[in-house]
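Some notes on the structure that comes next.
These numbers come from the heavy atoms of this one structure, side chains and all, not from hydrogens, waters or symmetry mates.
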Protein chains: 2
Amino acid sequence: MATIKDVAKLAGVAVSTASYALNNNSRVNSETAKRVLEAAKTLNYQKNGIARDLKRSKTETIGIIVQDLSGPFYSELMRGAQDTLLTHKYGLIACSAIGGNVSTATKFLRERRVDGVIILAESLPDELILQSVREDFPIIVLDRKLDSDSIIHVLVDNFSGGYQATQHLIDLGHKELAYIGGPSHNRDNQLRFEGYKQALKDSGIHLHPSWILQGQYTREGGYSAGKILMMQGNAPSAVFCANDEMAVGAIKAFKEAGLKIPHDLSIIGFDDIEISQYISPPLSTVKQSNYEIGSLAAHLIYQALNEGIEGRDYLLPTELVLRSSTARKQL
Amino acid sequence: MATIKDVAKLAGVAVSTASYALNNNSRVNSETAKRVLEAAKTLNYQKNGIARDLKRSKTETIGIIVQDLSGPFYSELMRGAQDTLLTHKYGLIACSAIGGNVSTATKFLRERRVDGVIILAESLPDELILQSVREDFPIIVLDRKLDSDSIIHVLVDNFSGGYQATQHLIDLGHKELAYIGGPSHNRDNQLRFEGYKQALKDSGIHLHPSWILQGQYTREGGYSAGKILMMQGNAPSAVFCANDEMAVGAIKAFKEAGLKIPHDLSIIGFDDIEISQYISPPLSTVKQSNYEIGSLAAHLIYQALNEGIEGRDYLLPTELVLRSSTARKQL
DNA sequence: CTGTTAGCGCGTTCAC
DNA sequence: GTGAACGCGCTAACAG
């Protein structure tokens, strides 16, 4: 591999001159510059980015850590981040949180391989993040609330989302409202549940413990929860599922029980994943604008790196997406 | 930021000793090592990975370049690559091909920021890839065939896939077979089309030019193509769509025209994307095992880096996934 | 066996 | 246009 030294030698100039020439610095006269560029070409010189980053002590790259590099769920978010960073000439690289202490995530976080990180990976331990806090290394978390005043939070307003969904069902005349939740330790789920409870309370509707179920955020979990709901005898007239995956599973269970949706039972989800519009009936749900989240996160990180920022806690609104799985209660 | 120097000073040892201690080298006696580790802890020392990579001239990280970091399409593939690399203690980072010459993709390719790359991004120019060829830098392409004997190809057998799909329709008794294709310059599409033509030929079925349509690989394109097919008057009895997205669109068009699928018309897609099983009717399609592709790519890159490899061209089989959108031709 | 000295990897940038 | 220090950690060779 040719280094800048080889280029300099071939062009008959000092290494520093070669460096200036290769970076189009106007200090070198165009004649010399041309010679250098030619030498670089003949040697097929490729700069060593690592050496460069080391010297300049910055990488102009932001890392995003996601659960498993595979979630269709992150699509829009990444696009948002990518688009925004690109306008600032920053790069974006993604890695997964899988792999524990040898994971690339750890490298990103601790070894200064990127100038800042965006985190959206439940499985990444809080401690790892907190240990990585240091000056001039912006960390944005999208999936939890951490107790450190240098960490920036961009969170979705899950509470309002849960409230909105529930209120929508109430507005349609439903009073028997079940809740199929995600893992109980999951923060998003907790907040969505709080929203649900608050909405019931505000309308003076009593919360019915046997209608509170757990579906682990999975399709299978939603299916089981739906089955249980049916077997209990006193079926509710509407169900709020804390995510769309579970709603898909629950719908299956309800259909198998012979219910017509939304005629016999209304159901609303959360997330607005892609398949929600293709299932039958198309699912009403609560949507968070992932593109905006990504874009905001990227924007904040750039600001933090270059101009400094003021606020450190951002709460983004949710939006109701009404399709055909919810309807006015039949009398 | 504390550097190893600070740690050494605080522990009262030479930098080299600190380095050995931090890397658990048995040369330093445990007493000293403990002192060093403690010093590191009190200073919150984090090693600079960049400096390390520079010195060792390797990163133990593989890059994967995808179209836009967002495709649900890559999910399985990434998982495959990730899992495999992890067992070799290599990291995986992903970046998008968007951004032209300032893109992170370019950095990966030219600036030795990773030890090897996997490419799956149509928009990345051939030249950029070819220019990045150098010794000891394995490049695996999954989306095209390049004329360089140091580039490794892992390709899906699109020809056979196209053949399989078409043959399946023929086996069901269909003889009026339409083809809705992707962009004509797209290599995958071309091969699928070749497979289609070959299958027709082998069964002595004449190819009907007005049944060859173009849908740009998009849902809307498939929809339009479906409409056109209906308007032509002489509708085929079965359709092979070069990807599932188009099949989804086409089905919509056929339904709007009052056709019952598969009773009046059979349709088969390609890719087996997630929604294929949720649409109505569930779509028969041709599947490529993306997990395996990713895993194989990762395996090859590891081999190339550590043991050297023999073969440079791999062709992976496709598999027919039969659901309910295809049926025996009605007499 | 333990610890130290010193040079390296490679490009950037300041002082001359 | 150039020489040389520098960023930071690794590691071979050497000394005690």
Of all pairs that satisfy side-chain hydrogen bond (donor to acceptor under 3.5 Å, both in side chains), the ones with a partner from residues 34-52 of chain B, not counting sequence neighbours: R110(A)-Q46(B)
Residue pairs fulfilling ring pair (Phe, Tyr, Trp, His ring centres under 6.0 Å) with at least one residue in residues 90-114 of chain B, sequence neighbours excluded: Y90(B)-Y302(B)
Pairing residues for K55(B) by the side-chain contact (heavy atoms from CB on, under 4.5 Å) criterion, not counting sequence neighbours: none
Residues within residues 29-52 of chain A bordering DNA chain D, heavy-atom distance below 4.0 Å: N29(A), T32(A), A51(A)
Residues in contact with DNA chain D, drawn from residues 14-26 of chain B - heavy-atom cutoff 4.0 Å: S16(B), S19(B), Y20(B), N23(B)
Shortest non-hydrogen contact between V114(B) and I62(B), atoms and distance: CG1-C, 4.2 Å
Short side-chain to backbone donor-acceptor contact, D157(B) and P317(B), under 3.5 Å: no
Earlier contact from the 5' end, DNA chain C, for R27(A) and V13(B): V13(B)
Contact boundaries on DNA chain D for chain B, cut-off under 4.0 Å to non-hydrogen atoms: dC8(D) to dA13(D)
Polar side chain donor-acceptor pair, S103(B) to T106(B), under 3.5 angstrom: yes
T59(A) and D53(A) side chains, donor-acceptor separation under 3.5 Å: no
Between P of dC8(C) and CD1 of I4(A), the distance in whole Å: 18 Å
Residue L54(B), side-chain heavy atoms: nucleotide from dC16(C), dT12(C), dG9(C) that is nearest: dG9(C)
Validation row: K5(B), L10(B) side chains within 4.5 angstrom (heavy atoms): no
